[in-house]
Number of protein chains: 2
Amino acid sequence: MITKNCVLTNQEIEDLLVKNGVPATLQRIAICKYVVCEANHPTAEQVFDWAKNNLQKISQATVYNTLGTLTEVGLIRAFRFPHSDKVVYDCNTQDHFHFFDEKTGQLVDVDSSSVKLNIDLPQNYKVHGFDLVFKGEIKN
Amino acid sequence: MITKNCVLTNQEIEDLLVKNGVPATLQRIAICKYVVCEANHPTAEQVFDWAKNNLQKISQATVYNTLGTLTEVGLIRAFRFPHSDKVVYDCNTQDHFHFFDEKTGQLVDVDSSSVKLNIDLPQNYKVHGFDLVFKGEIKN
DNA sequence: TTAAAGTTTAGAGTTATTCTAACTATAGAA
DNA sequence: TTCTATAGTTAGAATAACTCTAAACTTTAA
């Protein structure tokens, strides 16, 4: 399992890609490393901005393609939240929830173990899962 | 309080609008009546389609403006869900959750009383509310 | 070394929504 | 009743976030 914002070498990222059936290219290694090791719930736009500054040349399509590919093979996850129309990418691939700080716009992962849910739904409602987003403020 | 998919006369809709500080126009009365009394979690597109068929003339901008106005004054609510990039409008203005049928795409309201949530978050996380969407299937 | 296959790219296209500027309706003043 | 100010509606342009396309590279594998 990949730990959030871990430090991985390019070689380790490359292995990770190949192990998941994704041929490792320069662009994929860079983007994967950024999303897995550096960024925090970035949007495609943020990844593109980063990539423009950190690769000699990159196109928007490659960023979207790569994020799509990484999501497909399960190396990252894509989320869409109520407060925004942009998809954000998350290196945390385990089941978890989110806390949205309404003041700062910051998104924080919430471990699923910190939430207990008691549901009383009709028998014929078969629940496969649920999305849960807390809204509030993180005081310091 | 407005009951979901209630039957209201045009006059009652008009009163509702005026009481909420929204001058009643033909377009607003029609759209409001449709979203409050007839539709079930419609998108702006669905409201526009309905309006095109039920008003002599209507523009997309009016549909968006009106849905925005109705949302602002609290007569309806706007939701954005993980499974779609379209905003849906809900005549249920009370706190509640949703069940998304992955087979049919249907959205169903879930009363907040049918969910008990136990949260164990750090002290400094002040929760103002949360969005909860069940994913699954409604068998019949 | 040479195809075949896969990857990246620029730029065009799409979708949902918002903006703009002109036109229209309405309510109160004269 | 007529005028005028204000607000509402409209068509069409603009925007934002993606997605597609077709050409140009790059590998990979024989």
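As the structure is a computational prediction, the values presented were derived from the model and not from experiment. Chain letters run A, B, ... following the sequence lines, proteins first, then strands; residues in each count from 1. Side chains included, hydrogens not; waters and symmetry mates left out as well; all remaining heavy atoms used.
Closest contact between the side chain of Pro23(A) and the listed nucleotides dG6(C), dT17(C), dC18(D) involves dG6(C). When the nucleotides dT10(D), dT7(C), dA10(C) are ranked by their closest atom to the side chain of Gln27(B), dT10(D) comes out on top. Of the listed nucleotides (dC19(C), dT17(C), dC18(D)), dC19(C) has the atom at the smallest distance from the side chain of Ala61(B).
Residue Thr25(A) places none of its side-chain N or O atoms closer than 4.0 Å to OP1 or OP2 of dT26(D). At least one side-chain nitrogen or oxygen of Tyr64(B) sits closer than 4.0 Å to the OP1 or OP2 atom of dT17(C).
Summarising the geometry, the separation between CD1 on Ile58(B) and C1' on dA11(D) is reported as 13 Å, rounded to the nearest angstrom. Regarding Phe48(B), its CZ atom lies at a distance of 9 Å from the P atom of dT10(D), rounded to whole Å. Rounding to whole angstrom units, CZ of residue Arg80(A) and C1' of dA17(D) are separated by 9 Å. In this structure, Leu55(A) atom CG and dC25(D) atom C1' are separated by 17 Å, rounded to whole Å. In this structure, Lys57(A) atom NZ and dG11(C) atom C1' are separated by 13 Å, rounded to whole Å. Atoms OH (Tyr89(A)) and P (dC18(D)) sit 6 Å apart, rounded to a whole Å. As rounded to whole Å, 14 Å separates atom P of dG8(D) from atom CD of Glu14(B). Whole-Å rounding puts the Glu72(A) CD to dT7(C) C1' distance at 15 Å.
Of all heavy-atom pairs between Val133(B) and Phe100(B), the closest is CG1-CB, 4.2 Å.
Annotation: of the two residues near DNA chain C, Asn65(B) and Thr62(A), the 5′-most nearest-nucleotide partner is Thr62(A). In terms of position along DNA chain D, the nucleotide closest to Arg28(B) lies nearer the 5' end than the nucleotide closest to the other residue of the pair Ser59(B) and Arg28(B).
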Practice task
Might you work through the ring pair (Phe, Tyr, Trp, His ring centres under 6.0 Å) test for His98(A) and Phe79(A), ending with a clear yes or no?
Solution key: CA-CA 10 Å; His98(A) 291 93; Phe79(A) 285 99; 4.7 Å; yes
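Under 4.0 Å is where a charged nitrogen must lie from a carboxylate oxygen, and between Lys33(B) and Glu38(B) no such pair does.
Remark: side-chain polar atoms of Asp90(A) are paired, donor with acceptor, to backbone N or O of Asn92(A) under 3.5 angstrom.
Contact check for Leu75(A) versus Leu17(A): side-chain heavy atoms found under the 4.5 Å cut-off.
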